[in-house]
Protein chains: 2
Amino acid sequence: MTEKTFSIGELCAEFDVTPRTLRFYEQRELLSPIREGQKRIFTARDRARLKLILRGKRFGFSLESIRQWLELYDLGDSQVTQLTTWLEHAAQQMDTLREQRDELQDAMTELQDLITYVERDLEVRGAAEAAE
Amino acid sequence: MTEKTFSIGELCAEFDVTPRTLRFYEQRELLSPIREGQKRIFTARDRARLKLILRGKRFGFSLESIRQWLELYDLGDSQVTQLTTWLEHAAQQMDTLREQRDELQDAMTELQDLITYVERDLEVRGAAEAAE
DNA sequence: GATGACGTTGACGTTAACGTCAAGCTAAAT
DNA sequence: ATTTAGCTTGACGTTAACGTCAACGTCATC
């Protein structure tokens with residue numbers, strides 16, 4: 001089974017980015033499309049990585065840090081020692097993600113408190129108005 | 001009770017930012033310190049806002065979008081209609097935060113699956129080694 | 001009265017992450 | 001054969017978010 005591949009235009013359309021962006025990611029070694037002649041051919045792996053890249057960007061990570069934890073996602077046929085190192089890196093990345101998630105949760109709780117307060121205020125005002 | 005105030009240096013030390021940063025935030029209207037002579041005096045409100053700013057940055061938000069949802073945090077003695085509008089904006093902001101949190105959760109789940117897989121792999125290898 | 005700590009206002013420099021041309025190739029359609 | 005669509009490689013431009021440097025003011029201190 002020959003894997004599905006994509007032209008630069010196809011990927012751009014699917015993920016709403018420009019060719020410039022994908023070429024830039026290639027230059028920074030976040031993607032590594034094959035060449036057919038001089039045209040770029042993106043594999044399913046590239047597509048998967050692009051998904052991860054864009055998600056990482058939404059998290060506010062830099063391309064460089066994204067590049068590093070992309071490496072987590074293609075562990076080959078590694079030695080035991082390498083797997084152990086991998087596990088450490090993975091655990092670190094988990095911590096980073098967890099921290100950010102928790103902080104988001106805090107922000108949400110705070111905002112929700114404010115919202116609840118304002119809603120109560122509106123209720124009270126509504127009651128006062130009804131009592132006129 | 002006269003509220004506590006801060007010099008630019010104090011805030012910088014506390015939050016590990018440079019004076020340039022705080023002046024920049026003032027110029028972009030994220031902070032609005034008072035002047036004493038020509039020196040900036042930061043109030044407790046400025047300090048609170050700075051906290052929110054830095055948190056927002058960790059979330060990957062732009063200063064401009066941070067500036068907007070900072071407005072959520074100082075609702076004055078508003079009219080009912082304004083409070084209703086406020087509630088809409090707040091709800092939107094909650095959606096944004098929730099979305100990002102959920103996406104972070106997804107990323108964590110994925111990574112955890114990988115970790116579990118690798119851990120199992122290591123266990124199997126350990127068992128194989130012990131059987132030699 | 002000079003020195004040093006802390007602050008000020010410009011103004012220009014820098015880095016990341018692309019955008020925006022210009023000039024050219026290449027295969028398919030007119 | 002030429003237009004069109006999609007791709008290529010430079011190379012310079014842009015925006016956000018500051019950094020850096022120069023030149024200056026203002027106290028407290030030595």
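In what follows, every chain begins at residue 1, and chains take the letters A, B, ... in the order their sequences are listed. FYI, side chains are in, hydrogens and waters are out, and symmetry mates aren't considered; it's all heavy atoms of this structure.
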Please identify each residue that fulfils side-chain contact (heavy atoms from CB on, under 4.5 Å) with Thr109(B), with sequence neighbours left out. Gln105(B), Asp113(B)
Salt bridge (charged side-chain N to carboxylate O under 4.0 Å, His left out) pairs, two or more places apart, involving residues 91-100 of chain A: Asp95(A)-Arg98(A)
Its contact letters, B for base, S for sugar-phosphate only and - for none at protein heavy atoms under 4.0 Å, make nucleotides 18-29 of chain D read BBB---------
Expressed in angstrom and rounded to an integer, what is the separation of Phe42(B) atom CZ from dC6(C) atom P? 16 Å
When the distance from CZ of Arg35(B) to C1' of dG7(C) is rounded to whole Å, what number comes out? 11 Å
Does anything in residues 73-93 of chain B pair up under ring pair (Phe, Tyr, Trp, His ring centres under 6.0 Å), and if so which pairs, sequence neighbours excluded? Trp69(B)-Tyr73(B)
Between P of dA17(D) and CD of Glu64(B), the distance in whole Å: 9 Å
Take Thr84(B) and Leu87(B) through the side chain to side chain contact (heavy atoms under 4.5 Å, CB included) test and state the conclusion after the steps. CA-CA 5 Å; Thr84(B) 308; Leu87(B) 274 178; 5.6 Å; no
Atom-to-atom span, CZ of Arg23(A) to C1' of dC21(C) - whole angstrom: 13 Å
Looking at Ser7(B), does any N or O in its side chain come under 4.0 Å of the phosphate oxygens OP1/OP2 on dG7(C)? yes
For residues 54-64 of chain B, pull every pair meeting salt bridge (charged side-chain N to carboxylate O under 4.0 Å, His left out), keeping only residues two or more places apart or in separate chains. Glu103(A)-Arg58(B), Glu110(A)-Arg55(B), Glu64(B)-Arg67(B)
Rounded to the nearest Å, what distance is computed from the CG atom of residue Leu31(A) to the P atom of nucleotide dA17(C)? 14 Å
Rounded interatomic separation in angstrom, taking CG from Leu22(A) and C1' from dC7(D): 13 Å
Extract all donor-acceptor atom pairs below 3.5 Å that involve side chains of residues 14-23 of chain B and protein atoms in other chains or at least two apart in sequence.
residue, atom, partner, partner atom, Å
Glu14(B), OE1, Arg47(B), NE, 3.2
Glu14(B), OE2, Arg47(B), NE, 3.1
Glu14(B), OE2, Arg47(B), NH2, 2.5
Thr18(B), OG1, Arg20(B), N, 3.4
Thr18(B), OG1, Thr21(B), N, 3.3
Thr18(B), OG1, Thr21(B), OG1, 3.1

Tell me: CD1 of Ile66(B) to P of dA16(D), nearest whole Å? 14 Å
When rounded to whole Å, the CD1 to P distance for the pair Ile41(B) and dG7(C) reads 10 Å
